[in-house]
Amino acid sequence: MATIIVVTSGKGGVGKTTTSAAVSMGLAMAGHKTVVIDFDIGLRNLDIIMNCERRVVFDFVNVIQGDAVLNQALIKDKRCENLYILPASQTRDKDALTKEGVKNILDQLSADFEYIICDSPAGIEHGAQMALYFADSAIVVTNPEVSSVRDSDRILGILQSKSYRAENNQAPVKEHLLITRFDPVRVDRGEMLSIADIEDILAVPLLGVIPESQAVLNASNSGNPVILDEKSDAGQAYKDTVGRLLGEELPHRFLEVQKKGLLKRVFGG
Amino acid sequence: MSIFDIFGKDKEPKSASIAKERLKVIVAHERRARNAPEYLPALQRDILDVIRKYVQIDQDQLQIDLNDDGNCSILEVNVNLPK
Ligand SMILES: Nc1ncnc2c1ncn2[C@@H]1O[C@H](COP(=O)(O)OP(=O)(O)OP(=O)(O)O)[C@@H](O)[C@H]1O
Ligand SMILES: [Mg+2]
């Protein structure tokens, strides 16, 4: 049986796809057979971030509609043999996803994989609800900013009332808070919500804090999930995040303003 | 104390603390609405209709909230009447 993890947020553009790519790669590199599914029908992006956009032949909706079998649509990652990608379709029809169709695919994947990562579209409507419906666990991606925190709370409400687990009186979906695009300099100046503020309001255990980082843009430019950039702050923060998902106890890093040493100031860094 | 502490710094609340206060209010309100029984909006409309039999008020002059108090729920009704 696979563990199904949804990466969700409500608000758009907060880092769900970046996180889905990094976490799925991290789990796979740790030796777990992992598949990452792009639920963002019509706006697929995960294939670009994963650098497999030119290898997409069939997609998620083709499989649901019976035009292809699962194995024809799954793309094997070239960097890590434990990782597979199931791309979203470019169809405009957002209702192409049905509970039955999604369940059927997740059941098939469950037989072969240890982790299934679902990259949710933005919003709290149908697409986002399909992505989270069958989840065992949720990574709620939140930026330190009012509208993002509010939307995270809405998504938590949906996880608690409209997921399969909630509707069938099973153990609740396990919730994890992932704060991304965190900038300690701005927190120090009192311009940005702090980690404690966000934890206080959402009351969800903190899985990780990913700093605002140039490395994320570099990663998306080159199509390498940022976790592969092992020297970068964001890469290391994602690596810790995956470690915690797997049960390791690791301190949170990159929370403080980095004091640049003299050498760094002179030579840049 | 640096020169920055004299000018400006602690005079106004920082925008982050304003953000936190606003968020607390919004989130508490939305959570109550989420957990409220389904009849609450209808009840609110009916109460509004009863009041309007006597005084004309705008919809936003009536606020109702259902608060959990352990054994029972307390319905809080706030009405602003024009002078
Ligand atoms: N830690 C970070 N530091 C800097 N930029 C980031 C970080 N995380 C994400 N970004 C940038 O933010 C943008 C949105 O990221 P991403 O596509 O992962 O968000 P999303 O939540 O999947 O968006 P959508 O809701 O549209 O699916 C991208 O340009 C990405 O490079
Ligand atoms: Mg996305």
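Everything numeric here is computed off the predicted structure, so don't read it as measured data. Every heavy atom of this structure was used, including side-chain atoms; hydrogens, water molecules and symmetry mates were not. All chains are named by letter (A, B, ...) in the order of the sequence lines, taking the proteins before the strands, and each is independently numbered beginning at 1.
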Checklist entry - Between Asp153(A) and Arg34(B), is there a salt bridge with N-O shorter than 4.0 Å? => result yes
Item to check | Considering all heavy atoms, the nearest Glu191(A)-Ala16(B) contact | outcome: C-CB, 4.0 Å
Checklist entry - Does atom CZ of Arg22(B) have more than 12 heavy-atom neighbours from other groups under 6.0 Å away? => result no
Checklist entry - Looking at Glu30(B) and Arg150(A), does any basic side-chain N land under 4.0 Å from a carboxylate oxygen? => result yes
Next on the checklist: Taking atom CD as the centre, does Glu167(A) end up with more than 12 heavy-atom neighbours from other residues, nucleotides or ligands that are less than 6.0 angstrom away?
Outcome noted: yes
Item to check | Region of Arg154(A) that comes under 4.5 Å of a non-hydrogen atom in chain B | outcome: both
Item to check | Asp200(A) to Lys20(B) - nearest heavy-atom pair and separation | outcome: OD2-NZ, 3.0 Å
Item to check | Whether over 12 other heavy atoms sit under 6.0 Å from Phe254(A) CZ | outcome: yes
Checklist entry - What's the spacing between Ile26(B) CD1 and Ile201(A) CD1 if we round to 0.5 Å? => result 9.0 Å
Next on the checklist: Using side chain to side chain contact (heavy atoms under 4.5 Å, CB included), reason through Gln160(A) and Asn35(B) one step at a time and then give a plain yes or no.
Outcome noted: CA-CA 11 Å; Gln160(A) 289 159 11; Asn35(B) 298 328; over 6 Å; no
Checklist entry - Just wondering, more than 12 heavy atoms not from His29(B) lying within 6.0 Å of its NE2? => result no
Checklist entry - Atom CG of Leu193(A) and atom CG of Leu23(B): how far apart are they, to the nearest 0.5 Å? => result 6.0 Å
